[in-house]
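Structure, as structure tokens:
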Amino acid sequence: MNSKNINNDSSSEDDAKVYETLTKLYPANELMPRKLTIDIDVKSLYPLKPLPQFNQFYSTFNEEIQTSQLYQVETTQQEERTLLEYFEQNKQNLIYKRFDQIDLSKRSPNDRTYFSTLFANFKKQYPRVYFRGDPLFDQKLIPCQTDQLKFDSNFESGNLFCAFKRANDVYDLILQNDINTRGNTQWFFFSVTGVKAGQTIQFNLLNHLKSSSLFNEGLQPAIYSIKENEINKQEWFRGGFNINYFKSPFLKEYPQTMRAKYYQLQFSYTFKHNNDKVYFAHSYPYTYTNLLEFLNSILDNPEKNQYMSRKSLCTTLGGNTCEVLTITSNSMQRRAYRKGVVFMARQHPGEPQGSYVMQGIIEYLTSNNPQAEYLRQNCIFKIFPMMNSDGVVNGNYRCGLEGSDFNRRWKKPNKYLHPTVYYAKKYIKGFSKERQIILVIDLHGHSRKESSFVYGCAYSSQVKTIERVFALLMAKMNPLMDYPSCTFKVESSKDKTARIQIWRELKINWVYTYECSFYGQKKKHFQIKDYINCGVSICDSLSQIVKDTSKEFTNQTNIPDIQQQILEELGKMPQTDDQDQGSDTSQSEAELSDDEIVQLFQPKTYSLKQKNFLKQLDSKKKQIITKQTLVNQKNSILQESPSKNYQQQQDNKIPSSSLKPKNITYRIPVKLRQIEPIREQQQPIMVDKCCQTDDWMYRQWLIQIGGKQKKKEEQLSQTPTRNIQKSSSQSATRFIVKNTSKPDRGRIDSISFVNSGIQKNSFSQQRQIMRYSGSNFMY
């Protein structure tokens, strides 16, 4: 196997061996009971504060009376400027920073000052956080000015970098970039305290990334009030008014030549209680702690834990554990005939809808529902509930700690940078060798389209294809899903996604990316129960397909009835072009450059492109070194050659007009010129048309000639047998000496004598050709 692809190629290890290792059951120890629950150990790059216990009560969804009103944005033209320039002009109004050690006025040493980016350096065993070139927690504390309103985002999944008080009850907020990136700002999650009851605050989030958003269609921020929860048992709800999403006057730091701008979210909210703490988020948060607590509740239930087992797939880059769950019946009956089904979620950490849908799937499959029991008896479910736990913990929107999109790394995942993708892909490929996989669903959230829908793959653009069957069945079973919004197109820009790579490598027809809107359907917000019900409807649809395909084992028919009916229904639908007008999974432009990445990670994690980049850097450094050595050699030569040294000094000499007053001449005394006359430079000896040397090289050649002649005289008696051939022409006589003994470095291959028009028997008047190669003079 080629050593170049050991780290990057996903086929470097045996897929079946990896799957067998991860699914191996160790012998039970009767003295020690089996531990079912999971230790809640959340590891982040910096200390985090605890969050309240969200989602303890699921109540009916209540729309706020102050709904999103049509609000005209200020049309005053603002000057274009960067966030750093904005800070310089408003630093006296800074009231919040996520870390007091941050010096926002400092600039990066490499002239790339990303205003709200934290860098995690993984060159050592434990990652270390840097801000603009210096370790974050080694810097001095620089507290902000105090204000009545107090912000906070230093908790799990929190994202708010800093806040400025623009005017009374008006605050400008700047979001934090994803770790080790220069952008990806869309997810926000922060808290506010110190507001009086009835006070209305306007929030301006200045640096959103995407050019369009559902906030202009009626989407409201998700809000959680501690007082409301204590009094009315109110969980997360949607609120706010005067909501607008528009182009911001602030320029992105990358690339500066294009002068691209951020986008700004503006909304207002009226607080209802004194001394209240209110949380604001892009959508209902679902943290890594929430997942561990949910899994512990399943494993603590004796009726449910018999159907579910868990394994540690791998350890993430940040030290957290990526879990893989197996759900099936304990009965061994027909176990070999059970189909394989794979679910995964949270490749993008800022899309919590996927976790709620996944929670609905797990709750349904471990319940006592007859349909769930039927699925457990006929299927084995492999579930990856949170692929990007590091990004979820640290408040990222799209990327992991290494700064790349996990859903663009499925073609050749790096074992060290993307361990969850690397081992999940091998696990799925090993699972496919054990049994037939009929369905793979990757759960996501969408911020620019309503309802829920899927992205699928198809070999043909025809409407009547087998790949569309399960998507239409899910739409018929789920009123919250919109089939016309589904697309079945293999785009080159999404070639490295999980959907396309699994479909292409494992030849599975039903591989989907299931998208749930941040907003809802028909101008009505989704609530948490709606996302959970989407997971339940997926399982209901799957039970219909499994019942249909089980007929092949009883030899009743070769064509499943439900699939045939859906294919006939698809044939009656009009032809579509499958153009996605609002794709939410485009390749991010905010990734760091190669010269920045190689400074943060170990060499074993470098991609082929980055390795080539390092080679180019090394070659450039070598060229600089060689140029310096050549300059030094040239200077040493000029020191031994006075004439050239004098000429060089005359060339480099500063004009006297710039140093001395004009009309003043300096003459060399006549006596001095008579004592030390300047010798004229002798022209180099022309020994051949293509070879020319100066006097210093000629002297060095003469020294070597003398040494080699002495060696020849000493070796005459011990010289081995040689074949000497003579070749002559009108202008030269060449003796070619072939050494039949062991070749030695720098030996004489040939001796050429060039005639100068004089008699051949006059050897002293003949000139020899001198050739210089490397560090050896050859003649």
Side-chain angles (χ1 to χ4, degrees), residues 339 341-343 353-354 357 360-361 364 371 374-375 378-379 436-444 446 449-491 494 497 499-500 502-503 507-517 520-522 526 530-531 533-552 557-585:
K339 304 293 184 179
V341 180
V342 177
F343 294 112
Q353 300 92 328
V357 177
I361 292 172
Y364 182 86
Q371 297 289 344
Y374 182 81
L375 286 175
N378 291 274
C379 297
Q436 179 189 3
I437 299 178
I438 61 173
L439 178 65
V440 178
I441 293 183
D442 184 16
L443 302 173
H444 286 263
H446 208 286
K449 292 177 69 174
E450 295 186 35
S451 189
S452 63
F453 54 93
V454 299
Y455 293 115
C457 302
Y459 292 101
S460 173
S461 60
Q462 298 296 322
V463 175
K464 189 178 179 180
T465 57
I466 192 65
E467 292 85 2
R468 299 172 183 255
V469 169
F470 191 74
L472 181 57
L473 180 60
M474 286 191 294
K476 294 171 72 67
M477 300 287 292
N478 183 9
L480 301 178
M481 182 173 173
D482 182 33
Y483 180 77
S485 298
C486 302
T487 58
F488 301 85
K489 191 175 182 180
V490 181
E491 300 177 356
K494 301 179 182 179
T497 59
R499 168 174 59 93
I500 294 179
I502 294 175
W503 171 77
K507 310 299 181 184
I508 302 172
N509 291 327
W510 297 334
V511 183
Y512 302 109
T513 299
Y514 191 93
E515 301 273 357
C516 283
S517 175
Q521 189 179 45
K522 297 179 180 179
F526 281 156
D530 293 328
Y531 294 127
N533 290 333
C534 287
V536 174
S537 66
I538 293 174
C539 297
D540 285 337
S541 305
L542 180 61
S543 65
Q544 299 297 323
I545 289 292
V546 171
K547 288 179 181 178
D548 206 38
T549 56
S550 63
K551 296 178 181 180
E552 62 185 87
T557 179
N558 293 327
I559 302 177
D561 294 337
I562 295 180
Q563 295 186 46
Q564 185 66 27
Q565 294 175 6
I566 294 178
L567 282 172
E568 293 177 359
E569 187 175 349
L570 286 170
K572 299 177 183 179
M573 291 184 175
Q575 184 71 28
T576 59
D577 56 356
D578 278 341
Q579 292 295 327
D580 180 25
Q581 301 297 331
S583 175
D584 213 36
T585 54

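Of the inter-residue distances, the one linking H446 atom NE2 with S517 atom OG reads 8.5 Å to the nearest 0.5 angstrom. A distance of 11.0 Å separates CG in N478 from CG in L473, rounded to the nearest 0.5 Å. Atom CG of D561 is separated from atom CD of Q544 by 12.0 Å, given to the nearest 0.5 angstrom. Here CG of L472 is found 11.5 Å from CD of Q565. Values are rounded to the nearest 0.5 Å. In this structure, CZ on R499 lies 9.5 Å from NE2 on H444, to the nearest 0.5 angstrom. To the nearest 0.5 Å, atom NZ of residue K572 and atom CG of residue L567 are 12.5 Å apart.
Between W503 and Y459, the two ring planes are tilted [angle within 30° to 60°].
Nearest heavy atom pair, residue D482 against residue C486, reads O-SG, 3.7 Å. Closest approach of V536 to G360, counting heavy atoms only: CG2-O, 4.0 Å. Taking every heavy atom of both residues into account, Y512 and A471 meet most closely at OH-N, 3.5 Å. Minimum heavy-atom separation, V463 to M573: CG1-CB, 4.0 Å.
Not counting sequence neighbours, Y514 has no partner by the ring pair (Phe, Tyr, Trp, His ring centres under 6.0 Å) test. For the side chain to side chain donor-acceptor pair (under 3.5 Å) test, no residue two or more places apart in sequence or in another chain qualifies with Y483. Looking at residues two or more places apart in sequence or on another chain, you find a ring pair (Phe, Tyr, Trp, His ring centres under 6.0 Å) between Y531 and F526. Scored by the salt bridge (charged side-chain N to carboxylate O under 4.0 Å, His left out) test, E467 finds no partners at all (sequence neighbours excluded). Partners of D540 according to the side chain to side chain donor-acceptor pair (under 3.5 Å) rule, which considers only residues two or more places apart in sequence or in another chain, are Y364. In this structure S451 satisfies the side chain to side chain donor-acceptor pair (under 3.5 Å) test together with Q521, sequence neighbours excluded.
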Worksheet item: Between L542 and L375, does a side-chain contact (heavy atoms from CB on, under 4.5 Å) hold up when you go through it step by step?
Response: CA-CA 8 Å; L542 180 61; L375 286 175; 4.0 Å; yes
Worksheet item: Given the rule in the side-chain contact (heavy atoms from CB on, under 4.5 Å) test, do F488 and T465 qualify, once you have shown the distances and angles that lead to the verdict?
Response: CA-CA 10 Å; F488 301 85; T465 57; over 6 Å; no
Discussion item. Using the rule given for side-chain contact (heavy atoms from CB on, under 4.5 Å), can you reason through T513 versus L443, listing the C-alpha separation, both sets of side-chain angles and the distance that settles it, and then say yes or no?
Written reply: CA-CA 6 Å; T513 299; L443 302 173; over 6 Å; no
Fill in: Full working for side-chain contact (heavy atoms from CB on, under 4.5 Å) between Q371 and K547
CA-CA 10 Å; Q371 297 289 344; K547 288 179 181 178; 3.1 Å; yes
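Between D442 and V511 there is no side-chain heavy-atom pair separated by less than 4.5 Å. Considering only heavy atoms from C-beta on, K339 stays 4.5 Å or farther from N378 through its side chain. When side chains are defined from C-beta on, K476 counts as touching E569, because their heavy atoms get closer than 4.5 Å. Looking at E515 and K449, their side chains never come closer than 4.5 Å, going by heavy atoms from C-beta outward. I441 is not listed as a side-chain neighbour of V454, based on a closest heavy-atom distance of 4.5 Å or more. Contact check for V357 versus I538: side-chain heavy atoms found under the 4.5 Å cut-off. Taking 4.5 Å as the limit, some side-chain heavy atom of F470 sits within range of a side-chain heavy atom of L439. With a 4.5 Å cut-off on side-chain heavy atoms, M474 and S541 count as touching.
Figure legend: K489 and Y455 shown without cation-pi pairing, the cationic atom not lying both under 6.0 angstrom from the six-membered ring centre and within 45 degrees of its axis.
Proximity of a side-chain donor or acceptor of S452 to a complementary backbone N or O of L480 within less than 3.5 Å is detected. Using modelled atom types, no side-chain atom of R468 and backbone atom of A458 make a donor-acceptor pair closer than 3.5 Å. The main-chain N or O of I466 is found under 3.5 Å from a side-chain atom of W510 such that the two form a donor-acceptor pair.
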